[in-house]
Amino acid sequence: MTSVQVEQHDKTPGEGAAAEGGEGYHRALGARQIQMIAIGGAIGTGLFLGAGKAISKAGPSLILAYAIAGLVIFFIMRALGELLMYRPVSGSFSDYAREFLGPFWGYATGWTYWLFWVVTGITEVTAAAKYMSYWTHDSFPQWAYALIFTVILYTANLISVKLFGELEFWFSMVKVTAIVGMILICAGILTVGFSDAAATASVSNLWSDRGFFPNGIGETLMTLQIVMFAFLAVELVGVTAGESKDPEKTLPKAINTVPWRIAVFYVGALIMIMSVIPWSNFKAGESPFVLAFEKMGLGVGAAIVNFVVLTAALSSCNSGMYSTGRMLRDLALNGQGPKFFTKLTKSGTPLVGTTFSAALMLVGVWINYVAPGKAFDYVVSFATISGMWAWIMILVCQIRYRAKADRGELPQSPFRAPGAPWTSWFALLFIGMVIVMMGIDKDSRVSLYCAPLWGLILGVSYLVLKKRNPAGAAFNKADRTSEPVA
């Protein structure tokens, strides 16, 4: 643990949180940006594109799957909020894993979350380039779009964290506007009856075609992996802790908006879409938003949704640029990564870590260009399981922290997770069930094959580093109980 982190640990939760330059960063993210980063993290291509496949499998029961998964996400975010208010650091769950579980778990969590965002960045910047072909019809090379987008987002992230926040604010605003617009249009069709879809539009579409579970409960359970994938990156708000203005105010407020965000943007949108358009019309690989616009007779719908999905992909890549640099710097500060990753620019952005990650994203674009077959798909499938690893670490660390706080060994967080630790245990069991579903599904099983291989790489590399410096603080768990309790 670095001296900076020890100093923060000894303070009362929230004390000094608003100070400029915590961990060397600039606290430049305001409440407006934090709110939209939290909203944007919960809305991505998983909803705009992936929901088509999920609807075709589960029918209207997908609404229930999103509602239950959304509750689990809220438990995860409240667990993260409790940890953040105990000690707000940019390393977030990697740093908490290091404290409550030991050096190896912090090492594994930091590098796994870094890999998650690199892989996600590779896929999203490539997807963004493909979406551009909708307007250019392949008259401009796809790899050139990928290069342009990567350079623009990389440059923006290096200029300042405030510019990153502004980009994410407007990316999220586009996504939110699109969903709210769709909900209002569907509500108008159901009540007033305009558009070509009015003849078949009815709330009874949610149960009239073979019931609410048309393909059985089993198929609904199999869609949980798609549902959870849609929520990946909601935890990104935790990585912003070290650069948030007044984190003790802005972060809890952002986290507490999770239930209504999920209720409106996922549950509400799906209820409206499947009320206007019967669920049997939706197909895998087709955006439910595009289909809904087409059925309504709105010819501009495809272009609108293509623009929205483009911004969703760029938003995800932008978040990847941001988080990878912070994770690498946190690992380096704790002696579990190369020291040159600690370098910051004058504006407080991690120069080397962001540059290294952006370079890897470009390599990934090249790989996708020369070998777009199954090998690349296998790498992409790892994103789901690696993203859920961060959630598992958040929950386990919160359980360990709450036990220590209840014994008086650590100060209580001013933002306690309701119902914990039972809600955290429930969320862990739910994630375990999703992983089992992934093992049953042949299309996603490959991600479980990748996980042990990545675990082996982490284990071997950790042992090599520890052998080189066996007495280093990075590889020996500190005794926290002896530290003064605020």
* How far does CD1 of I68 sit from CD1 of I63, to the nearest 0.5 angstrom? -> 12.0 Å

* **Flag for Q412-D406: side-chain donor and acceptor within less than 3.5 Å** => yes

* Asked: Residues two or more places apart in sequence or in another chain: which of them pass side chain to side chain donor-acceptor pair (under 3.5 Å) with T220?
  -> S61

* Asked: F341 pairs by side-chain contact (heavy atoms from CB on, under 4.5 Å) with which of L351, D330, V352, L331?
  -> V352

* Test salt bridge (charged side-chain N to carboxylate O under 4.0 Å, His left out) applied to E99 and R400, step by step -> CA-CA 10 Å; E99 175 178 350; R400 295 291 298 271; over 6 Å; no

* On the 0 to 90° scale, with breaks at 30° and 60°, tag the W117-Y113 ring pair as parallel, tilted or perpendicular. => perpendicular

* What class does the angle between the rings of F100 and Y401 fall in, given that below 30° is parallel, 30 to 60° is tilted and above 60° is perpendicular? -> perpendicular

* To do: Please tell me if the side chains of C397 and L83 come closer than 4.5 Å, counting only heavy atoms from C-beta onward.
  => yes

* Between Y266 and F231, what is the ring plane arrangement, given parallel below 30°, perpendicular above 60°, and tilted in between? -> tilted

* To do: Could you please spell out the steps behind the side-chain hydrogen bond (donor to acceptor under 3.5 Å, both in side chains) verdict for Y322 and T354?
  => CA-CA 7 Å; Y322 173 85; T354 303; over 6 Å; no

* Asked: Does the side chain of S413 come under 3.5 Å of the side chain of E82 through a donor N or O and an acceptor N or O?
  -> no

* Asked: Do the ring centers of W111 and W114 come within less than 6.0 Å of each other?
  -> yes

* Anything under 30° is parallel, anything over 60° is perpendicular, the rest tilted; go ahead and classify Y462 against F104. => perpendicular

* Asked: Taking it one step at a time, do T349 and L344 satisfy side chain to side chain contact (heavy atoms under 4.5 Å, CB included)?
  -> CA-CA 5 Å; T349 59; L344 291 175; 5.7 Å; no

* Do the non-hydrogen side-chain atoms of R402 and R416 ever get within less than 4.5 Å of each other? -> yes

* Asked: In chain order, what residues pass the side chain to side chain contact (heavy atoms under 4.5 Å, CB included) check against T423, with sequence neighbours excluded?
  -> F75, A420

* In terms of heavy-atom contacts, does CZ of F307 have more than 12 from other residues, nucleotides or ligands at under 6.0 Å? -> no

* Would you please indicate if the ring centroids of F415 and Y86 are separated by under 6.0 Å? => no

* Structure fact -> Contacts satisfying side chain to side chain donor-acceptor pair (under 3.5 Å) that involve residues 64-73 (not counting sequence neighbours) are none

* Structure fact -> Between the OG1 atom in T109 and the CZ atom in F116, the distance rounded to the nearest 0.5 Å is 13.5 Å

